[in-house]
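A short write-up of the structure that comes next.
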Amino acid sequence: MQTNPEKHQATFRVTLLSVAVNCVLGVAKIFVGWIVGSAALVADGVHSFSDLVTDGFVLAASHYGHQGPDHDHHYGHGRIETLATLFLGSVLIFVAGAIAWSSVERLFSTAEIPPPGLWAILLTALALLAKEWLFHITRRVARRIGSKMLEANAWHHRSDVLSTGVVMVALIGSQFGAAWIDTVAAVIVGLLVGKVGWDLLWESGRELVDTALPVATQEEMRRMAMSVPGVHGIHDLRTRQSAGRTMLDLHVVVPPRISVSEGHEIGNEVSRRLRNGFPALTDLTFHIDPEDDAGEGDPSRFPGLPLRPEVETALARRWASLAVWSEIREMELHYLEDRVTVVICLDEACPRESQAVARELEMRADDIDWLSHVEVRRLSGTPYLPTTA
């Protein structure tokens, strides 16, 4: 699996900066909140530490993206991150419940809540500005390297700005005697921490059950694949996600009589365009179809048509006694509409009339139920000239 070292390093640096800022803010908020007796400020400090969880996920995703699959994990290690997300999301919800419960108990207690003081308010204002700065610098890096994962983390910083704003209002209210606002704000911050935990649980759960991409994205993929010359149809398009990566399977319908190599190269071009159009797409598998069999089910579950050895044996028993048998140079088989079309290639110098040969061969093989019809072509040494030349 190919990786972009510059993208990996940029993600690593800006996320480490976020880790450092969140650590400093978390320690400062909890310490000052404990000194001045502000539950809201302590809760917001815990929230700052909870931000380290998402920062850790970004670092883990970048780390695992830098590693390729191994002999025991053919699709990479993304599911390990998903399982860790489930666990840490559960921990965050537990912490949120503890914050909310202790705050409600404090609201109904008779303990006096002192005003937070100017230093607590100034610290909250500084935290608000720091998180807003983190939002802008992270989003700028995300757009420069084209990382949706990093952009999502940037918007998480913006949500922290909103929660810190709630705490700011609570502290100012407590300073002027409305102490109950501090407790209510702590409950609100606890709910915000819980929401982060729930979002982590929800997204990782969707990954584990292989939830598809949005319908609009799938349709855009379908349109992009259909724009490739030679593509007659797209069906059985399936998507799933793992640790920020997208995996795609699809069937590509191509003209039925082209060569195997041409059909495969058409599929390769579909793959190239989709990978360029959707950078998160890291694993793509295409299946080339000579005709549209959408909705007909898995062909491996139904009786199949005979392969070349059986076809040649059956035809040899019926055609070997004919004079034209020794003049056959090539035999093409086309499996279309649940039957086999046989194309016989004769030398251009052969004096036999093609339609008469085809009729004779079909009459000798009219008892074969899988045979559609016989076509006769001439082999020529004349070079092929495109009609558009």
Side-chain angles (χ1 to χ4, degrees), residues 1-33 41-68 76-89 91-92 95 123-164 167 189 192-193 195-197 199-200 203-204 207 241-245 279-280 282:
M1 185 178 298
Q2 299 294 321
T3 59
N4 188 331
E6 180 185 356
K7 181 176 180 180
H8 173 68
Q9 289 299 322
T11 302
F12 186 76
R13 286 194 298 267
V14 75
T15 306
L16 279 186
L17 176 63
S18 175
V19 168
V21 171
N22 284 324
C23 282
V24 171
L25 290 179
V27 171
K29 288 176 184 177
I30 292 176
F31 179 75
V32 174
L41 193 55
V42 171
D44 199 41
V46 175
H47 192 188
S48 293
F49 278 118
S50 75
D51 296 340
L52 297 177
V53 174
T54 55
D55 291 336
F57 293 151
V58 174
L59 289 174
S62 180
H63 171 72
Y64 285 114
H66 191 64
Q67 295 180 350
H77 301 78
R79 295 297 189 192
I80 297 176
E81 179 189 340
T82 305
L83 291 174
T85 305
L86 281 172
F87 172 75
L88 292 173
V91 171
L92 283 178
V95 171
L123 174 61
T124 306
L126 178 63
L128 190 148
L129 294 175
K131 296 298 289 187
E132 182 69 14
W133 174 72
L134 267 182
F135 163 72
H136 286 287
I137 192 172
T138 305
R139 186 177 62 166
R140 184 163 61 248
V141 174
R143 291 182 174 179
R144 176 169 61 84
I145 66 177
S147 172
K148 295 293 184 182
M149 175 183 65
L150 205 56
E151 188 166 356
N153 202 35
W155 282 106
H156 183 245
H157 294 321
R158 171 56 66 83
S159 71
D160 295 339
V161 173
L162 299 178
S163 67
T164 303
V167 174
V189 174
L192 290 174
V193 175
K195 183 180 183 303
V196 173
D199 289 343
L200 294 174
E203 292 301 323
S204 56
E207 284 189 8
Q241 300 178 78
S242 176
R245 299 175 178 86
T282 59

### Query
Can you name the nearest heavy-atom pair linking Leu123 to Ala28, along with the distance?
CD2-O, 3.4 Å
### Message
According to side-chain contact (heavy atoms from CB on, under 4.5 Å), who are the partners of Leu129, at least two apart in sequence or on a separate chain?
### Response
none
### Heavy-atom side-chain proximity of Leu25 to Lys131 below 4.5 angstrom
yes
### Query
So which heavy atom on Val21 is nearest to which on Ala130, and how close?
CG1-CB, 4.3 Å
### Query
If you measure from CG on Leu17 to CZ on Phe12, what distance do you get to the nearest 0.5 Å?
12.0 Å
